[in-house]
Amino acid sequence: MKKILIPTDLSENVSQTLSYLLPLVIAQNAEVHLVHAVDDPFVKEERKDFDDTGVEKYTTDILYKMRAEADADMEKFASLFRASLEQAGNPLPVYSTVENGLPDEIILTKAAAIQPQLIILGRHHHNRMDRLFFGSVTQSVMQKTHFPVLILPQQFVYAQPKEILYMSDMDDHDIISIGKLINLLQPFSINLHIVHFNINEIGTEEKLFALGEKIKNDHQEIPITYETVDGEILRVAWQQYIQKRGIDLIALTAHKHNGLQRLLNQDTAVDVLYHSNLPLMVMILESEPKM
């Protein structure tokens with residue numbers, strides 16, 4: 001059975017995403033794995049024993065309270081998810097886990113253990129300085145995982161996706177990624193826009209035409225259009241396109257980098273992550289094949 005991993009911060013609006021998630025879960029016939037991390041604000045490794053002042057007991061009591069509240073909230077969310085699936089006539093398995101630790105590490109460890117077909121993450125708004133110095137859990141998972149990631153912005157009004165933009169690099173990986181994308185969005189009636197944003201390049205039309213025709217032949221069940229969009233600034237080009245076409249979801253393939261290369265490369269996926277209010281589907285590929 002397929003698996004979908006859904007990390008959650010158990011905030012008040014988590015139930016609002018159910019109408020978006022249920023069709024995906026049901027169409028994939030997937031078991032759901034919910035995970036929540038209780039972050040230790042006192043950094044356990046740096047604590048010292050102050051038995052005479054009671055500091056250690058104080059911090060332990062707070063962590064115990066945080067964990068107990070998280071356990072209770074997770075059980076409510078998991079019960080709501082199970083009830084929604086049963087009401088839809090598809091009582092698929094729903095598992096829930098609460099663990100203490102850093103959220104991105106727990107999510108990545110859980111993903112490695114269950115090997116999901118998809119990770120669904122929420123995205124909170126962060127200011128520029130927060131992103132510069134601390135990044136985000138969503139960005140960290142997206143950059144380190146090997147599994148497809150669907151990112152849902154916090155303030156997004158959830159509706160079934162119809163107009164899908166796939167930002168193409170016009171390489172062989174696009175064929176694989178688009179196939180996965182169409183499979184994951186199978187429950188929805190979608191129109192797929194395959195677009196290459198041409199920033200000071202020459203001869204892109206013929207290459208995109210060949211790619212688009214190949215994909216249309218492989219997926220005749222859905223409407224597919226493809227085009228190149230010229231522009232001088234990539235962000236301006238794709239932002240104007242999504243407004244013009246009424247795009248509901250953005251998808252792209254992110255090539256993983258390692259070490260210093262990750263720090264020096266401005267990844268389009270990260271740029272879209274922080275400058276769009278639409279759901280983002282990221283297909284993750286290694287920059288170089290593993291030996």
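Every value quoted in this text rests on a predicted model; they were computed, and no experiment measured them.
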Of all heavy-atom pairs between [X] and [Y], which one has the smallest distance, and what is that distance?
| X | Y | answer |
| --- | --- | --- |
| Asp248 | Pro279 | O-CD, 3.3 Å |
| Ile250 | Ile242 | CD1-CG2, 4.2 Å |
| Met74 | Val35 | CE-C, 3.7 Å |
| Ile284 | Thr145 | CG2-O, 3.1 Å |
| His275 | Trp238 | O-CH2, 3.3 Å |
| Phe147 | Ala112 | CE1-N, 4.4 Å |

>> I'd like to know whether Val32 forms a side chain to side chain contact (heavy atoms under 4.5 Å, CB included) with Leu92, so could you lay out the CA-CA distance, the side-chain angles of the two residues, the decisive distance to 0.1 Å, and finally the verdict.
In response: CA-CA 8 Å; Val32 177; Leu92 296 166; 5.9 Å; no
>> Working note: Leu150 + Leu280, criterion side chain to side chain contact (heavy atoms under 4.5 Å, CB included); need CA distance, chi angles, decisive distance, verdict.
In response: CA-CA 6 Å; Leu150 172 61; Leu280 171 64; over 6 Å; no
>> Show, in sequence, the C-alpha distance, side-chain angles and deciding distance for His196 and Val229, and conclude whether the side chain to side chain contact (heavy atoms under 4.5 Å, CB included) test is met.
In response: CA-CA 6 Å; His196 177 70; Val229 175; over 6 Å; no
> Do Tyr274 and Val236 belong together in a cluster built from hydrophobic side chains that touch within less than 4.5 Å?
Replying inline: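 No; Val236 is not reachable from Tyr274 via cluster members.
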>> Do Ile175 and Met281 sit in one hydrophobic cluster, given that two such residues count as connected whenever their side-chain heavy atoms are within less than 4.5 Å of each other, even indirectly?
In response: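 Cluster IDs for Ile175 and Met281 match.
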Non-neighbouring partners of [X] that pass side chain to side chain donor-acceptor pair (under 3.5 Å), sequence neighbours left out:
| X | result |
| --- | --- |
| Ser140 | Asp104, Lys144 |
| Lys3 | none |
| Ser168 | Asp174 |

Please tabulate, one pair per line, all N/O donor-acceptor pairs under 3.5 Å involving side-chain atoms of residues 79-90, not counting sequence neighbours.
residue	atom	partner	partner atom	Å
Ser79	OG	Glu75	O	2.8
Ser79	OG	Glu75	OE2	3.1
Arg82	NE	Val94	O	3.3
Arg82	NH2	Val94	O	2.9
Ser84	OG	Leu80	O	2.9

Can you find a heavy atom in the side chain of [X] that is under 4.5 Å from one in the side chain of [Y]?
| X | Y | answer |
| --- | --- | --- |
| Leu5 | Ile114 | yes |
| Thr97 | His36 | no |
| Ile215 | Ile224 | yes |
| Ile4 | Ile119 | no |

> When you look at Ile247 and Leu278, which way does the side chain to side chain contact (heavy atoms under 4.5 Å, CB included) test go after all the steps?
Replying inline: CA-CA 8 Å; Ile247 298 299; Leu278 294 175; 4.1 Å; yes
> Can you name the residues that form a ring pair (Phe, Tyr, Trp, His ring centres under 6.0 Å) with His33, not counting sequence neighbours?
Replying inline: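 Residues passing ring pair (Phe, Tyr, Trp, His ring centres under 6.0 Å) with His33: Tyr95.
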>> Within the 3.5 Å criterion, strictly below it, is a donor on Lys2 or Gln28 matched to an acceptor on the partner's side chain?
In response: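 Result is yes, a qualifying pair exists.
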Gap between atom [atom2] of [Y] and atom [atom1] of [X] - 0.5 Å precision:
| X | Y | atom1 | atom2 | answer |
| --- | --- | --- | --- | --- |
| Glu227 | Phe209 | CD | CZ | 14.0 Å |
| Gln239 | Gln243 | CD | CD | 7.0 Å |
| Ser96 | Ile6 | OG | CD1 | 11.5 Å |
| Ile222 | Gln220 | CD1 | CD | 11.0 Å |
| Glu232 | Asn198 | CD | CG | 11.5 Å |
| Met170 | Thr228 | CE | OG1 | 8.0 Å |

Please list, one pair per line, the donor and acceptor atoms closer than 3.5 Å that link side chains of residues 178-195 to other protein atoms, with sequence neighbours excluded.
residue	atom	partner	partner atom	Å
Asn191	ND2	Glu163	OE2	2.8
His193	ND1	Thr225	OG1	3.3
His193	ND1	Tyr241	OH	3.4
His193	NE2	Glu163	OE1	2.6

